[in-house]
Asker: 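My questions will all concern the structure given below.
Numbers restart at 1 for each chain; the letters A, B, ... are given by sequence-line order, proteins then strands. This is a predicted model, so every value here is computed, not measured.
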Number of protein chains: 2
Amino acid sequence: MGVTSRHVHEPASRRLANELRGQIVGGDLSPGDRLPSERTLAETHGIARNTAREAVRLLTDEGLVTAEHGRGAFVRAQPRLLRFGQHRYSRKVREETGLSPFHAEVIAQGLTPNAVLDRIGRVQPPTHVAERLDVSPRTKSVVERVNWYFVDGEPVQIGTTYIPWKIAEGTELATGDNLGSGDLYARFEDQGYAITYTREEVTARMPTRDEARDLRMPGGVPLLVVTHTGLDAQRRPFELTEFKMRADHSGLDYTMKVDN
Amino acid sequence: MGVTSRHVHEPASRRLANELRGQIVGGDLSPGDRLPSERTLAETHGIARNTAREAVRLLTDEGLVTAEHGRGAFVRAQPRLLRFGQHRYSRKVREETGLSPFHAEVIAQGLTPNAVLDRIGRVQPPTHVAERLDVSPRTKSVVERVNWYFVDGEPVQIGTTYIPWKIAEGTELATGDNLGSGDLYARFEDQGYAITYTREEVTARMPTRDEARDLRMPGGVPLLVVTHTGLDAQRRPFELTEFKMRADHSGLDYTMKVDN
DNA sequence: TAGTGGTCTAGACCACCAT
DNA sequence: TGGTGGTCTAGACCACTAT
């Protein structure tokens with residue numbers, strides 16, 4: 001009895017999933033290739049369609065496969081990871097390239113970026129936002145700006161920025177006017193808030209149904225949720241952005257000094 | 001037709017999932033409570049057991065519910081998040097408390113930490129490790145140390161540390177001797193490498209079956225994968241640790257200066 | 001129109017847990 | 001031993017995509 005004979009009663013669905021996984025990682029099935037249909041798999045393996053279906057589901061849960069209604073199940077291409085770090089807020093990058101860091105990163109990968117302001121308005125902030133920005137959670141104390149970020153036309157990130165009304169009032173920060181999202185930090189400087197420190201809180205979770213729809217996320221892909229707080233030289237918070245990123249397209253890359 | 005009548009043909013499984021979700025977020029079902037059994041749900045809702053089962057599966061995929069074979073399906077308690085940042089490597093924390101940052105963070109939450117060295121050996125590094133440590137990917141150029149981290153006896157993180165053999169050779173870094181994992185950076189200082197910068201690359205993905213087993217992860221919970229590289233004052237890399245964290249127990253919290 | 005995935009039914013047996 | 005979730009069968013109809 002070697003190590004290979006662990007699963008004596010391995011369920012048929014898992015056995016089929018293993019077989020297909022082997023073909024994927026072994027290269028017999030390449031990214032973009034269509035898997036045999038559920039009915040075909042059932043017939044060729046002498047199992048019920050629901051069992052073949054369960055096998056395919058296991059693979060989609062692992063993120064290896066994506067199912068498309070009416071078309072088939074396809075081997076997922078693993079997109080190159082876009083990496084975002086604290087240079088996201090760097091004035092130097094902003095001024096030297098004239099590009100927002102998102103645009104710069106995407107272009108550097110030979111892809112086409114796009115960002116649009118989806119929604120803007122004065123709202124009551126969620127409690128965790130109110131805490132971090134030191135504003136009232138019970139009044140319309142912030143401006144909310146919702147930005148969508150696209151790569152080659154596909155949405156990959158949604159960023160929701162909250163700005164205290166006291167700071168945004170009467171400025172372009174409170175209106176949708178003439179503001180590529182990359183220029184946001186220049187506008188804050190106009191108001192006397194130069195971003196000097198950034199606090200980044202990172203978690204991951206599975207998307208809700210709506211989030212998965214918005215970001216066209218296949219199964220088995222988590223959301224990377226980054227709560228960014230912008231602080232000035234006196235460590236006063238003046239802006240908070242919550243990024244929701246497809247974890248298969250985006251990663252984070254920070255280099256920082258250890259505070260000894 | 002208002003916004004509420006969107007889903008005319010909402011499938012029964014999703015309707016039941018919505019109903020149960022409402023009871024969970026509304027407080028009718030509290031963390032730890034058992035859901036009605038699949039057979040009961042099927043009977044009371046006039047649907048097949050498989051359909052009720054699908055509804056429960058939707059909730060486990062969202063991370064709201066966890067199913068236990070032979071016992072039932074239970075509303076998941078949302079554990080408080082442990083937050084790790086660059087102070088993880090701070091000498092000050094190390095010296096003032098005598099605790100590793102992991103221990104300090106867990107104790108601060110009123111919980112009981114534990115860390116054990118699971119495995120140690122001289123190995124050939126994975127390519128991404130060899131690149132970052134500037135060592136050969138084709139020889140046994142690194143020492144690998146695998147640490148498991150527990151909270152209240154439950155495993156929540158696995159950290160795999162790679163150290164160039166040139167640095168570890170002949171020191172406690174290369175042996176399992178007498179080295180609480182928190183003291184690791186003190187040992188590096190002995191060798192002339194004081195951690196000054198840390199590079200943290202963060203991604204998220206669903207766990208493999210083995211990882212889910214090792215970390216006793218319920219369905220619907222992603223892994224947060226942190227690739228940490230330790231750099232000295234001359235920005236020479238001397239150590240790399242890959243952390244796999246349960247995203248429902250652990251988060252990251254970095255504050256850093258923006259490099260303008 | 002034919003083929004695909006999405007959902008559902010009404011059973012069945014197995015593996016696990018508590019009593 | 002009885003109840004639970006885990007797996008499976010052999011069908012069925014619906015919704016979507018391509019031709």
Asker: When you get a sec, tell me which of dG6(D), dC16(D), dC8(C) is the closest nucleotide to the side chain of H69(A)?
Answerer: dC16(D)

Asker: Phosphate oxygens OP1/OP2 of dT4(C): is one of them under 4.0 Å from a side-chain N or O of S37(A)?
Answerer: yes

Asker: Verify whether one side chain among H249(B) and E154(B) offers a donor that lies under 3.5 Å from an acceptor in the other.
Answerer: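 There is no such pair between these side chains.
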
Asker: With heavy atoms under 4.0 Å as the rule, sort R34(B) into base, sugar-phosphate or nothing.
Answerer: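 Sugar-phosphate, backbone atoms only, no base.
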
Asker: Between dG6(C), dC13(C), dT7(D), which nucleotide has the shortest distance from any of its atoms to the side chain of N50(B)?
Answerer: dT7(D)

Asker: Determine, stepwise, if the pair E19(A) / H45(A) fulfils side-chain hydrogen bond (donor to acceptor under 3.5 Å, both in side chains).
Answerer: CA-CA 11 Å; E19(A) 182 187 325; H45(A) 290 74; 3.2 Å; yes

Asker: Once hydrogens and angles are ignored, does a donor-acceptor distance under 3.5 Å link the base of dG6(C) to the side chain of R49(A)?
Answerer: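 A donor-acceptor contact between them is present.
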
Asker: Among dG5(C), dG6(D), dA18(C), which nucleotide sits nearest the side chain of R53(B)?
Answerer: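 Within the option list, the nearest is dG6(D).
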
Asker: Would you call R205(B) and D248(A) a salt bridge, taking side-chain N to carboxylate O under 4.0 Å as the test?
Answerer: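 Salt bridge flag = no for D248(A) with R205(B).
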
Asker: Rounded to whole angstroms, how far apart are CG on L35(B) and P on dG3(D)?
Answerer: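 Those two atoms, CG and P, are 19 Å apart.
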
Asker: Let's test your reading of the model: under 3.5 Å, does the base of dG5(C) pair with the side chain of R39(A) as donor and acceptor?
Answerer: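 It does, because a donor-acceptor pair links the side chain of R39(A) to the base of dG5(C) below 3.5 Å.
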
Asker: Taking atom types as modelled, is there a side-chain donor on E242(A) or H128(A) under 3.5 Å from an acceptor on the other?
Answerer: yes

Asker: Nearest to the I47(B) side chain among dT7(C), dT9(C), dT9(D), which nucleotide is it?
Answerer: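 Out of dT7(C), dT9(C), dT9(D), the nucleotide with an atom closest to I47(B)'s side chain is dT9(C).
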
Asker: Looking across every strand, which nucleic acid part, if any, lies under 4.0 Å from E54(B) by heavy atom: base, sugar-phosphate, or nothing?
Answerer: nothing

Asker: Taking only side-chain N and O atoms of T51(A), does any of them lie within less than 4.0 angstrom of OP1 or OP2 on dT7(D)?
Answerer: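 So the side chain of T51(A) is outside the cut-off, no N or O lying under 4.0 Å from OP1 or OP2 of dT7(D).
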
Asker: I need the CD-P distance between E43(A) and dG3(C), as an integer number of Å.
Answerer: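 Spelled out: CD on E43(A) to P on dG3(C) is 12 Å.
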
Asker: Is there, by distance only and without an angle test, a donor paired with an acceptor across the side chain of R14(B) and the base of dG6(C) below 3.5 Å?
Answerer: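 Per atom types, no contact qualifies.
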
Asker: Measure the distance from CZ on R71(B) to P on dC16(C) and round it to the nearest whole Å.
Answerer: 15 Å

Asker: Would you mind reading off the distance between E68(A) atom CD and dA18(D) atom P, rounded to a whole angstrom?
Answerer: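 Atom CD in E68(A) sits about 9 Å away from atom P in dA18(D).
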
Asker: Just by distance, no angles: are the side chains of N50(A) and R53(A) close enough, under 3.5 Å, to form a donor-acceptor pair?
Answerer: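 Note: N50(A) and R53(A) side chains miss the donor-acceptor criterion.
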
Asker: What nucleotide, of dG6(D), dA10(C), dG6(C), holds the atom closest to the side chain of A48(B)?
Answerer: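 From the listed options, dA10(C) comes nearest.
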
Asker: Please report, rounded to the nearest Å, how far the C1' atom of dA15(D) is from the CD atom of E38(A).
Answerer: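 About 14 Å, once rounded to whole Å.
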
